[in-house]
There are 2 protein chains.
Amino acid sequence: MAKTILLVEDEAAIREMIESALAHAGFNPLPAADAAEAERVMKQTRPDLILLDWMLPGVSGIELARRLRRDISTRELPIIMLTARCEEPDRVSGLEAGVDDYVGKPFSVRELIARIQAVLRRTAPRSETGPMEIEGLILDPSSHRVTAEGTPIKVGPTEFRMLRFFMGNRERVFTRSQLLDNVWGDNVYVEERTVDVHIRRLRKALAPFGYDKLVQTVHGTGYRFSTQTDS
Amino acid sequence: MAKTILLVEDEAAIREMIESALAHAGFNPLPAADAAEAERVMKQTRPDLILLDWMLPGVSGIELARRLRRDISTRELPIIMLTARCEEPDRVSGLEAGVDDYVGKPFSVRELIARIQAVLRRTAPRSETGPMEIEGLILDPSSHRVTAEGTPIKVGPTEFRMLRFFMGNRERVFTRSQLLDNVWGDNVYVEERTVDVHIRRLRKALAPFGYDKLVQTVHGTGYRFSTQTDS
DNA sequence: TCTAATTGTTACAGAATTGTTGCACGGATT
DNA sequence: AATCCGTGCAACAATTCTGTAACAATTAGA
């Protein structure tokens, strides 16, 4: 889930500053000091985006960008260039290099993060999942709504994610640990009993329509979302 | 059916490059070197979109955009402006002039194509439907007015664009980021919380008629325009 | 039945998110 | 120049959500 971002910047101070900013924003930064190191790193890991300084010792940033565009495996890799404000490089060469965005130095950290997210958003193919329905209970991700017989049911964010996961994976038992991974996310630490509380909250929300019986307890193991009668 | 795109750009090198890029992407490019030539071309062919350079000899790009907005026949024509990063144009005044998006030079061909398609996608339904109406709330894009039960509602430019977007995309959640892209324009950088402020202003304007409940909050996600009761 | 383990339920403090307001700034108008 | 208007932002208030602990209820097994 966490996007990996290759950061190619020769000045150590700036590199470290951006690196910590990226980490803080939930990205996985891969620092590199020059083009050679960048290419070495890319042989091992395939980043989701490249932050590339315009001025680099040895192979310049724009030259590296051209190389990446030439290689079929990195042709679609988004590139954001870091340039000195109003340096205004040759327009046509910028066009040809196929850079996705420019950020002029000095820049605000938040602007940089915003531009990264914008580029990732534009680049990523959108995977819209349609509404799910089970015995009249409808969950629509696009409107972010849970409906029973036409009337909307109010559920909290976590309950929504949990119900969405359950509706996509019915008739299967999940341990609390698995639910934490799939509903909360992998690298978060919360007590397993917290799952029980949210199960309770989900049941409470579904109870007025009788759908609470779909959320079943498997004693000694975990929980299951099922239309079959609980035995 | 290939979309026709009028390209107004004075620098021949850039014009030709974009022209070939457009042709390659399946569009039908109509090149023009200045505003006068652009207006001449438009008398013969009606393009689906205009790519307009900010800096033009004679009549400037933004001035041409204003003229197009004044003319009823071209009022709904999507406009994308090409601006140099260092020119730092006032995007707000551009937005008020009715520009749909900005692309800062230098830009990648991919980005340009993506933005063109994005603008075409989101302006397509608008131009065909004309005035929109939801439960007595009427928004008329051509006269730029909002009315409730005959009485006009005063909304600011941003609130108007937001309401127009919402009325064209009901029953769907949008994150603050998506709203910024669609209401403000893609590469405008403003704080996400600013969306909340304009949501507030829109609600305040709609409140005297009870329409404020159509603008719903989806906690943890964003906002939604819906006629269904929020619960 | 009795006991230990497991699960259900509730309350609550702190965190996170959203609502609301005032204000400075820039552009347009007078 | 004076004023108004729209905009974006920050600061504060209000609301909602979350995780945890504590206690009650239930289950499984001896």
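Just the heavy atoms: all of them, side chains too, but no hydrogens, waters or symmetry mates, feed the values below. Order of the sequence lines sets the chain letters (A, B, ...), proteins ahead of strands, with each chain counted from 1. Worth saying up front: this structure is predicted, and the values here are computed from it rather than measured.
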Exercise. Report yes or no: does A:Thr45 contribute a side-chain atom to a donor-acceptor pair with the main-chain N or O of A:Pro47 at less than 3.5 Å?
Key: no
Quiz item: A:Val188 near the nucleic acid: base, sugar-phosphate alone, or nothing, with a heavy-atom cut-off under 4.0 Å?
Solution: nothing
Quiz prompt | Separation of C:dT18 P from B:Leu179 CG (nearest whole Å) | solution = 12 Å
Quiz item: A:Met167 versus A:Leu214: any side-chain heavy-atom pair under 4.5 Å?
Solution: no
Quiz item: If you look at every strand shown and take non-hydrogen atoms under 4.0 Å, does A:Thr194 touch a base, only sugar-phosphate, or nothing?
Solution: base
Quiz item: In whole angstrom, what separates B:Arg203's CZ from D:dA14's C1'?
Solution: 14 Å
Practice problem: Using a heavy-atom cut-off of under 4.0 Å over every strand shown, decide if B:Glu159 touches base, sugar-phosphate, or nothing. | Solution: sugar-phosphate
Quiz item: Taking the side chain as C-beta and beyond, is there a heavy-atom pair between A:Leu22 and A:Ile116 under 4.5 Å?
Solution: yes
Quiz item: Would you say A:Tyr189 reaches D:dT20's phosphate, i.e. side-chain N/O to OP1/OP2 under 4.0 Å?
Solution: no
Quiz item: Given C:dT9, C:dT18, D:dG19, which nucleotide is nearest the side-chain atoms of A:Arg201?
Solution: D:dG19
Quiz item: Rounded to the nearest Å, what distance is computed from the NE2 atom of residue A:His198 to the P atom of nucleotide D:dT16?
Solution: 17 Å
Practice problem: Give the rounded distance in Å between these two atoms: CD1 of A:Ile199 and P of D:dT18. | Solution: 14 Å
Exercise. Would you kindly give the NZ-to-P distance between B:Lys154 and D:dC5, to the nearest whole Å?
Key: 7 Å
Quiz item: What residue pairs, at least two apart or across chains, pass salt bridge (charged side-chain N to carboxylate O under 4.0 Å, His left out) with a residue in residues 152-174 of chain A?
Solution: none
Quiz item: D:dG6 phosphate, OP1 or OP2: any side-chain N/O from B:Thr158 under 4.0 angstrom?
Solution: no
Quiz item: What nucleotide, of C:dT18, D:dT20, D:dC9, holds the atom closest to the side chain of A:Val197?
Solution: D:dT20
Quiz item: Base, sugar-phosphate alone, or nothing: which one does B:Arg193 contact when heavy atoms must sit under 4.0 Å apart?
Solution: base
Quiz item: B:Glu192 CD to D:dG8 P: how many Å, rounded?
Solution: 14 Å
Quiz item: If you check every side-chain atom of B:Asp196, which of C:dG8, C:dT18, D:dC17 has the closest atom?
Solution: C:dT18
Practice problem: Tell me which residues in residues 160-172 of chain A put a heavy atom below 4.0 Å from DNA chain C, sorted by number, or none. | Solution: none
Quiz item: With nearest nucleotides of DNA chain C determined for B:Thr217 and A:Thr217 from heavy-atom distances, which residue corresponds to the more 5′ nucleotide?
Solution: A:Thr217
Quiz item: Rounded to the nearest 0.5 Å, how far apart are CG of A:Leu49 and CD1 of A:Ile80?
Solution: 4.5 Å
Quiz item: More 5' along DNA chain D: A:Gly156 or A:Glu191, using each one's nearest nucleotide?
Solution: A:Gly156
Exercise. For B:Val155, report the nucleic acid contact type (base, sugar-phosphate, nothing); a contact means any heavy atom under 4.0 Å.
Key: nothing
Quiz item: Rounded to the Å, how far apart are B:Arg176 CZ and D:dG8 C1'?
Solution: 15 Å
Practice problem: Please test A:Ile18 against A:Leu82 for side-chain contact (heavy atoms from CB on, under 4.5 Å), starting from the C-alpha separation and ending with a verdict. | Solution: CA-CA 11 Å; A:Ile18 299 178; A:Leu82 304 175; 3.9 Å; yes
Quiz prompt | Check: B:Phe225 and B:Ile134 side chains under 4.5 Å, non-hydrogen atoms | solution = yes
Quiz item: In whole angstroms, how far is the P atom of C:dT18 from the NE2 atom of A:His144?
Solution: 11 Å
Quiz item: Judged by modelled atom types alone, do A:Ser20 and A:Arg15 share a side-chain donor-acceptor pair under 3.5 Å?
Solution: no
Quiz item: Could you walk me through whether A:Thr221 and A:Arg176 pass the side-chain hydrogen bond (donor to acceptor under 3.5 Å, both in side chains) check?
Solution: CA-CA 8 Å; A:Thr221 308; A:Arg176 291 169 176 75; over 6 Å; no
Quiz item: Does some side-chain heavy atom of B:Leu206 sit less than 4.5 Å from a side-chain heavy atom of B:Ile153?
Solution: yes
Can you give me the N/O atom pairs linking the protein to nucleotides 25-30 of chain D at distances under 3.5 Å, or say none if there are none?
none

Self-check item: A:Gly220 or B:Thr221, whichever maps to the more 5' nucleotide of DNA chain C
Solution: A:Gly220
Practice problem: Verify the contact: side-chain N or O of B:Trp184 to OP1 or OP2 of D:dT7, cut-off strictly under 4.0 Å; return yes or no. | Solution: no
Quiz prompt | Residue of the set A:Phe160, A:Phe166, A:Trp184 for which ring pair (Phe, Tyr, Trp, His ring centres under 6.0 Å) holds with A:His198 | solution = A:Trp184
